[in-house]
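The structure under discussion appears below in the form of structure tokens.
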Amino acid sequence: MVTPQGAAALRQFVEDELVRAPMLVDQVVDAAVEHIQAGMPGMTPHDRAVAGELMAKTRSHRQHVVDYYLRTLRDQIADDASRPAPAGAGPAFKLSLSLVDEDEVAVDVEISHTIETIKSVAEYELRELQTFTAALVGDMDVTRDHNPFRAETHARALWSAAQALPLAKGYQLMFMRHAAPALAQ
């Protein structure tokens with residue numbers, strides 16, 4: 001059960017972390033550009049040109065990347081906070097058939113890879129954060145994850161940030177691929 005003091009403490013923690021988030025995103029962008037630059041000597045001329053264009057657009061649209069990331073992060077946290085706690089029963093799935101856009105599948109796969117990268121690199125930190133947020137709200141048994149800064153939340157925010165780059169989806173996926181390890185760190 002979440003106490004009123006616990007809810008206020010969690011809100012304060014979230015606000016404090018959101019104040020620090022722009023610096024985090026700046027570091028991720030810097031690390032992504034460095035990672036791309038470090039791999040350039042081993043690339044083919046075409047791949048070097050693609051990487052150069054990605055680095056140039058990332059540098060010139062840095063503020064948009066940061067803004068998109070932060071806006072998506074805030075929106076997801078607000079949506080998560082407004083949703084009631086799960087009642088314990090599993091979700092009801094409705095099966096249907098539909099056509100699948102290959103680009104959307106590529107995006108979903110890249111988001112999944114980013115989530116797994118974050119979970120594997122920051123496994124200890126995520127467990128500590130889960131325990132800390134549970135303690136903030138008074139859930140000493142850690143019966144549910146109260147952490148609004150889950151790997152999934154950051155991965156979706158990173159995809160949103162990649163979409164701030166005025167480039168084709170392939171470039172955006174490439175940015176995400178290079179930024180994911182930095183975000184996980």
Side-chain angles (χ1 to χ4, degrees), residues 1-32 35 62-95 104-105 107-164 172-173 175-185:
M1 178 177 191
V2 177
T3 64
Q5 299 90 354
L10 183 62
R11 273 194 306 277
Q12 183 61 47
F13 166 73
V14 168
E15 286 305 314
D16 290 346
E17 290 303 309
L18 288 173
V19 167
R20 293 182 191 98
M23 187 173 57
L24 166 73
V25 181
D26 273 338
Q27 291 173 347
V28 168
V29 170
D30 287 341
H35 191 261
R62 175 189 209 94
Q63 192 56 49
H64 293 300
V65 170
V66 172
D67 291 344
Y68 275 54
Y69 189 99
L70 295 175
R71 186 177 322 119
T72 303
L73 190 64
R74 284 185 184 280
D75 290 348
Q76 289 183 88
I77 290 171
D79 289 347
D80 191 42
S82 66
R83 233 179 282 133
F93 292 105
K94 182 180 175 186
L95 298 176
E104 291 306 313
V105 171
V107 169
D108 288 345
V109 167
E110 198 58 46
I111 290 172
S112 294
H113 286 173
T114 301
I115 292 168
E116 288 307 311
T117 299
I118 293 168
K119 284 182 175 180
S120 65
V121 172
E123 178 182 2
Y124 175 79
E125 290 83 359
L126 288 171
R127 272 191 273 130
E128 288 289 313
L129 191 54
Q130 182 179 3
T131 304
F132 176 73
T133 55
L136 278 178
V137 298
D139 182 5
M140 294 306 158
D141 295 327
V142 191
T143 56
R144 82 182 257 272
D145 190 0
H146 300 278
N147 175 19
F149 297 102
R150 292 178 199 81
E152 297 84 0
T153 305
H154 281 286
R156 287 187 198 99
L158 184 61
W159 171 242
S160 178
Q163 290 177 305
Q172 294 169 348
L173 290 170
F175 169 79
M176 197 163 169
R177 212 168 296 127
H178 289 286
L183 180 60
Q185 287 296 323

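What you are looking at is a predicted structure, and each value in this text was computed from that prediction instead of being measured.
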Smallest heavy-atom separation, Ile77 atom then Pro148 atom, equals CG1-O, 3.9 Å
The reported gap from CD in Glu17 to CG in Asn147 (rounded to nearest 0.5 angstrom) is 9.5 Å
Taken to the nearest 0.5 Å, the spacing of Asp145 CG from Arg150 CZ works out to 4.5 Å
Distance col, row Glu15:CD vs Arg74:CZ, nearest 0.5 angstrom, shows 5.5 Å
Which of parallel (below 30°), tilted (30 to 60°) and perpendicular (above 60°) describes His178 and His35? tilted
Note: Leu158 and Ala179 closest approach over all heavy atoms is CD1-CB, 3.9 Å
Between the CG atom in Leu183 and the CD1 atom in Ile118, the distance rounded to the nearest 0.5 Å is 4.0 Å
Stacked cation flag Arg71 on Tyr68, 6.0 angstrom / 45 deg: yes
| query | Step by step, would you call Arg20 with Leu24 a side-chain contact (heavy atoms from CB on, under 4.5 Å)? | reply | CA-CA 7 Å; Arg20 293 182 191 98; Leu24 166 73; over 6 Å; no
Residues Ala161 and Tyr69: closest non-hydrogen pair is CB-CB, 3.8 Å
d(Ile111 CD1, Leu173 CG) to nearest 0.5 Å is 9.0 Å
What one should report as the nearest heavy-atom pair of Ala184 and Ala122 is O-CB, 3.8 Å
Here the gap from Leu136 atom CG to Arg11 atom CZ, rounded to the nearest 0.5 Å, amounts to 12.0 Å
Between Arg62 and Asp26 the two heavy atoms that sit nearest each other are NH2-O, 3.0 Å
Apply side-chain contact (heavy atoms from CB on, under 4.5 Å) to the pair Thr114 and His154, showing each step before the final yes or no. CA-CA 9 Å; Thr114 301; His154 281 286; over 6 Å; no
Between Val109 and His113, does the side-chain contact (heavy atoms from CB on, under 4.5 Å) criterion hold? Intermediate values first, please. CA-CA 6 Å; Val109 167; His113 286 173; 3.6 Å; yes
- Query: If we only count heavy atoms from C-beta on, is the Phe13 to Val137 side-chain gap below 4.5 Å?
  - Reply: no
_Derivation of the side-chain contact (heavy atoms from CB on, under 4.5 Å) call for Leu126 and Phe149_ = CA-CA 9 Å; Leu126 288 171; Phe149 297 102; over 6 Å; no
Query raised in the report: Just checking, any donor-acceptor pair under 3.5 angstrom between side chains of Asp80 and Gln76?
Result: no
On a heavy-atom basis, the closest approach of Leu70 and Ala21 is CD2-CB, 3.3 Å
Thinking salt bridges, do Glu152 and Arg156 make one under a 4.0 Å N-O criterion?
no
